[in-house]
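Take a look at the structure below.
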Amino acid sequence: MNTKNEDLFARAQKTIPGGVNSPVRAFRSVGGTPRFFTRGEGAYVWDADGKRYIDYVGSWGPLILGHADPDTVAAVQQAAANGLSFGAPTEGEIELAELLVARVPSMDMVRLVSSGTEATMSAIRLARGFTGRDAFIKFEGCYHGHGDSLLVKAGSGLLTFGNPSSGGVPADLAQHTMVLSYNDPQQLRDAFAKHGEKIAAVIVEPVAGNMNLIVPTQEFLDTMRELCTQHGAVLIFDEVMTGFRVGPNSAQSLFGITPDLSTFGKIVGGGMPLGAFGGRREIMEQIAPLGPVYQAGTLSGNPLSVAAGLVTLKKIAAPGFYDALGTKTKAFVDGLASEAKKAGVPFSAQSVGGMFGLYFAEQCPGNFAEMMRGDLKAFNTFFHAMLDGGVYLAPAAYEAGFVSIVHSDADISASVAAGAAAFARLKD
Ligand SMILES: *Cc1c(COP(=O)(O)O)cnc(C)c1O
């Protein structure tokens, strides 16, 4: 007999490409049937067959307060009762903008959009409009949403411009994007020496979380800041994932870097669709209606999303919030690492604030190529063993994981115990 998850997946595939509305949900990389969720509460989600999981995906980052946080739900319900959308300004948008610029000192002004993709796409356009240049630099393994200019892989030679990494992206467009290796300051210096006057922007995940978790070196980020300043390029920190995830003022304050533009999403919408981009006043004043760079959105600043974002940003400002979150996250990864060691499985793990990386390799990787050397088969076996044990991890080896503030010590211990059983299965 099929499970309900299997029936739903079969049905979904008839009308939805691959049965999912975002590719990683399809379990292609780990194999098996995606779990269809019916409910989430606190640290837990329940699938269509009624099985409960301790969740370490948190909707890919937004749910720092856990599922169905009562204050967030109440605020969204109240906002909904007052009208779903106006396409006209509301006071809540000002309040959210004020909170964001207060928490992120590099931002003088901010604009709200509906997703992280929109935020990064708009930031790139703005950087190009501001500098009058077309080229920009991104790093291999960093994900910045699915905008055309950002779906680019490295070109054929070092320091050459890139090729599309997706069908449907014009090669002409990819030619403006240069893809460099993460954590390689010398490559950045060489790229600026060669093409400095053409480069509009450098965009980076200040802690990378879309190729598993990769921690930047201080030198890498410092070099990027210096070179952008020297050459008149715009430094864009894509904090869609790291924003309010790694600390109360996001990654830029952890590393003491002031980017020119920053992008946000995920946590700032509290689980509702919302993104934001902001930065230096003279740059932000280039956006319509003040300036010539066009950007707009029918549902931008949606009152329900703003309500959820406001509650979230207020609750995470509670004293001790990030200490508690960081302690829980570290307890989880340290617990797993210790069980792996006991089981004799090559494994390493690390965390920054409320995000973590698990690697089936002796050492934590420093860039995309190193990360790709991890044991994919071991991860996939581990993933399914955890799933059986009631722990939901991201269904792909190359993803960071997330802990919420409502994951209890008991949840963490139960998850580590599931991990011990999963490592044992790997040795079978
Ligand atoms: C998730 C993510 C995006 C894209 O955001 P969406 O809301 O999925 O469009 C962009 N950049 C980073 C760093 C992300 O993690």
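Only heavy atoms go into these numbers, but all of them, side chains included; no hydrogens, no water, no symmetry mates. Whatever order the structure lists them in is the order used to number ligands and atoms, beginning at 1.
Without hydrogens or angle criteria, His231 side chain to Ala200 main chain gives no donor-acceptor distance under 3.5 Å. Panel note: side chain Asn212, backbone Leu358; a donor-acceptor pair is recorded below 3.5 Å. Arg133 places no side-chain N or O within donor-acceptor distance of the main-chain N or O of Lys198, the cut-off being under 3.5 Å.
The protein heavy-atom contact nearest to atom 7 (O) of ligand 1 is Gly116 N, 2.9 Å.
Near His144, meaning under 4.0 Å from one of its heavy atoms, ligand 1 places the atoms 10 (C), 11 (N). Listed by atom number, the atoms of ligand 1 under 4.0 Å from Thr117 heavy atoms are 4 (C), 5 (O), 6 (P), 9 (O). Those atoms of ligand 1 with a heavy atom of Asp238 less than 4.0 angstrom away are 10 (C), 11 (N), 12 (C), 13 (C).
Between Val240 and ligand 1, no N or O atom pair is found at a separation short of 3.5 Å. Among the atoms of Asn210, some N or O lies under 3.5 angstrom from an N or O of ligand 1.
When non-hydrogen atoms are compared, ligand 1 lies under 4.0 Å from the side chain of Glu205 (C-beta onward) but not from its backbone. The side chain of Lys266, and not its backbone, has at least one atom closer than 4.0 Å to an atom of ligand 1 (non-hydrogen atoms only; side chain from C-beta on).
Just one of Leu221, Val215, Thr217 meets the side-chain contact (heavy atoms from CB on, under 4.5 Å) condition when paired with Asn183; it is Thr217.
Salt-bridge check for Glu6 with Lys4: failed, with every basic side-chain N at 4.0 Å or more from each acidic carboxylate O.
Not counting sequence neighbours, the partners of Cys228 by the side-chain contact (heavy atoms from CB on, under 4.5 Å) test are Phe192, Val202, Arg225, Ala233, Leu235.
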